[in-house]
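Data block below; observations after.
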Amino acid sequence: MSQDGASQFQEVIRQELELSVKKELEKILITAPSHEFEHTKKDLDGFRKLFHRFLQEKGPSVDWGKIQRPPEDSIQPYEKIKARGLPDNISSVLNKLVVVKLNGGLGTSMGCKGPKSLIGVRNENTFLDLTVQQIEHLNKTYNTDVPLVLMNSFNTDEDTKKILQKYSHCRVKIYTFNQSRYPRINKESLLPVAKDVSYSGENTEAWYPPGHGDIYSSFYNSGLLNTFIGEGKEYIFVSNIDNLGATVDLYILNHLMNPPNGKPCEFVMEVTNKTRADVKGGTLTQYEGKLRLVEIAQVPKAHVDEFKSVSKFKIFNTNNLWISLAAVKRLQEQNAIDMEIIVNPKTLDGGLNVIQLETAVGAAIKSFENSLGINVPRSRFLPVKTTSDLLLVMSNLYSLKAGSLTMSEKREFPTVPLVKLGSSFTKVQDYLRRFESIPDMLELDHLTVSGDVTFGKNVSLKGTVIIIANHGDRIDIPPGAVLENKIVSGNLRILDH
């Protein structure tokens, strides 16, 4: 078959597939109850647009030859932003800000049911508690009215709303909106798995929230975007609720509100220097004359090692973003927000292979005018994805004040230790059971724990500590033990008599 004939054939197949998907979506829409009809229609329309693009785009979405290092002035050092100081009218600047937390994730990777934001991380405080405390502290200190907005998913919405009642006396107005709900598609047939709009019974796994890039359309569709613009708000600060370093930074906010060159900046991405642990993080590059976020999934296989190199790509995206509300409104109404599609393969409990199409919020940077990267200290990136991260934030490495964690002054190194806890610690309840109290980690560089290990009270860990209990063995670290540059393996049981 000639080249032209093959591409015509491909085009016919593609059109037939789009038609089949359209019919399937119409069947699903008919099953929506009347009060959910409009909402479901918007979701399915959004999915169809994404699916259409997915069929059009083939191969890696970046041409590696076009990737360049960003120009010097397009990524500013935080010190330079901070050196400008703060204006006298910082309260009026703060009153133009809205804080948005991405709250769509479940705690399943840490063995918890329900929203991840409700996991206790420090002194019984959850991620959500700490967030509310931070903003309440701001509002009280500067006599302002900075609201908190939670972008929930259909997985987290109900549980989150129940818990919000406990903050009714706090000095923070809290709003929520839901990100879209898209149908997963069968990897073989590329047709939706869902048969109707319900997500119970055999439909439980048929739906998914399509990544945080969905924030632009969902926020717009919820009506909140227009409400805040009407109230004179100008910027949103968007971050993941599990990043405990993502607090409101007055210096960055001032830089946005009072741009030094008078040119307003519509999008700021906080980036920070890569360490060996961050080689997979998305990085900012110059591409076709614009700042562009490149994720590892977009990189052609031959260039993955180059992408991971700490020498060529020195920074990565923290997902702390400052975005102009007026710009979101303009771009949303022009249908001009362009984000690469992330194809996320999953296997459902029954063994069915599906794919879900997602987008990432930071990928929209190239659609905004006068975008900027700010290279912030590592302290602004403190995500808690695993119990190894949880151990760090629960320890004496950090002190807690008004909902914000700061590195202890007693720690002599600016970086946190590298902690790797084995599979016996993956679930939060198992992890908590294995520590009678959180060890002193001020002088720790590296900790690896594997197997059936428990820690008594008041243990101190210093330097490099490796504890390995082989299969069938058990190690109990006794109360008050000090382990400095030690490898412990075999069996260690100290029994009370």
Side-chain angles (χ1 to χ4, degrees), residues 109-112 119-124 242 244-245 272-280 308 310 377-379 381-400 405-497:
S109 62
M110 289 160 80
C112 295
I119 295 175
V121 279
R122 182 84 190 215
N123 311 352
E124 306 290 309
D242 64 6
L244 295 176
T272 194
N273 291 344
K274 270 188 188 180
T275 65
R276 295 276 172 222
D278 315 303
V279 290
K280 290 182 178 173
K308 287 180 174 180
V310 181
R378 182 73 188 201
S379 56
F381 184 66
L382 188 56
V384 180
K385 302 289 183 197
T386 62
T387 49
S388 302
D389 300 331
L390 198 54
L391 182 63
L392 292 171
V393 299
M394 283 184 159
S395 75
N396 60 345
L397 287 164
Y398 292 97
S399 54
L400 179 66
L405 290 180
T406 39
M407 176 81 77
S408 166
E409 288 170 2
K410 293 177 185 167
R411 171 93 176 154
E412 289 182 7
F413 322 100
T415 54
V416 292
L418 195 60
V419 171
K420 293 178 183 170
L421 299 179
S423 55
S424 308
F425 291 80
T426 303
K427 293 183 174 177
V428 173
Q429 67 240 46
D430 295 341
Y431 154 88
L432 291 171
R433 196 169 42 80
R434 291 180 177 279
F435 289 100
E436 275 195 57
S437 70
I438 302 296
D440 173 345
M441 291 164 51
L442 280 174
E443 294 175 47
L444 181 69
D445 297 323
H446 179 116
L447 172 68
T448 295
V449 184
S450 175
D452 186 0
V453 179
T454 61
F455 291 79
K457 278 197 166 130
N458 306 326
V459 171
S460 263
L461 304 172
K462 303 178 181 192
T464 296
V465 178
I466 298 170
I467 305 169
I468 296 175
N470 293 320
H471 187 67
D473 291 347
R474 177 169 158 186
I475 296 177
D476 296 334
I477 304 297
V482 177
L483 299 180
E484 183 167 6
N485 296 325
K486 285 276 187 291
I487 296 178
V488 182
S489 65
N491 253 322
L492 177 65
R493 303 287 304 275
I494 295 176
L495 300 173
D496 289 338
H497 57 80

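Throughout, numbering of the chain's residues begins at 1 and tracks the sequence.
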Task: Approximate separation, where rounding is to 0.5 Å, of T454 OG1 and R474 CZ - done: 5.0 Å
Task: Test item: R122 side-chain N/O and S395 main-chain N/O as donor-acceptor pair under 3.5 Å - done: yes
Task: Atom of S424, atom of G451 and distance for their closest heavy-atom approach - done: OG-O, 3.3 Å
TODO: Examine distances only and state if a side-chain atom of T387 and a backbone atom of L390 form a donor-acceptor pair shorter than 3.5 Å.
DONE: no
Task: Separation between CG of D473 and CD1 of I468, rounded to the nearest 0.5 Å - done: 11.5 Å
- [ ] Check whether any side-chain heavy atom of Y398 lies under 4.5 Å from a side-chain heavy atom of L244, and answer yes or no.
- [x] no
Open item on the list: Applying side chain to side chain donor-acceptor pair (under 3.5 Å) as the test, list every pair that has at least one member in residues 405-418; sequence neighbours left out.
Closed with: S399-T406
Open item on the list: Counting only heavy atoms not in Q429 (residues, nucleotides, ligands), do more than 12 fall under 6.0 Å from its CD?
Closed with: yes
- [ ] Mind checking the CG-CZ spacing from N273 to F381? Nearest 0.5 Å is all I need.
- [x] 12.5 Å
Task: Nearest non-hydrogen partners of C112 and I119, listed with the distance - done: SG-CD1, 3.8 Å
Task: Backbone N/O of L421 and side chain of S388: donor-acceptor pair under 3.5 Å - done: yes
Task: pair L447-L391: side-chain heavy atoms closer than 4.5 Å - done: yes
TODO: Indicate yes or no: at least one non-hydrogen side-chain atom of L382 is less than 4.5 angstrom from one of M407.
DONE: no
- [ ] Please name all residues satisfying side-chain hydrogen bond (donor to acceptor under 3.5 Å, both in side chains) with N485, sequence neighbours left out, ordered by chain then number.
- [x] none
- [ ] Quick one: sort the F455 and F435 rings into parallel, tilted or perpendicular, breaks at 30° and 60°.
- [x] parallel
Open item on the list: Please report the interatomic distance CE(M394) to CG(N123), rounded to the nearest 0.5 Å.
Closed with: 9.0 Å
Open item on the list: So which atom in P417 and which in H446 form the shortest heavy-atom distance, rounded to 0.1 Å?
Closed with: CB-N, 4.4 Å
- [ ] With the side chain counted from C-beta on, respond yes when L392 and M441 share a heavy-atom pair under 4.5 Å apart, and no when they do not.
- [x] yes
TODO: Kindly give the heavy-atom pair with the smallest separation between V453 and A469, and that separation in Å.
DONE: CG2-CB, 4.1 Å
Task: Pairs flagged by side chain to side chain donor-acceptor pair (under 3.5 Å) wherever residues 435-445 is involved - sequence neighbours left out - done: N396-D440
- [ ] Return the set of residues passing salt bridge (Lys or Arg N to Asp or Glu O under 4.0 Å) with K385 (not counting sequence neighbours), or none when no residue passes.
- [x] D242
- [ ] Only counting residues at least two apart or in another chain, list the ones meeting salt bridge (Lys or Arg N to Asp or Glu O under 4.0 Å) with R434.
- [x] D452
Open item on the list: Quick check: do I477 and P439 have side-chain heavy atoms less than 4.5 Å from each other?
Closed with: no
Open item on the list: What's the separation between atom CD1 in I466 and atom OG1 in T448, rounded to the nearest 0.5 Å?
Closed with: 5.0 Å
TODO: For N458, enumerate each residue passing the side-chain hydrogen bond (donor to acceptor under 3.5 Å, both in side chains) test, keeping only those at least two apart in sequence or located in another chain.
DONE: none
Task: From L444 atom CG to S460 atom OG, the distance as rounded to the nearest 0.5 Å - done: 10.0 Å
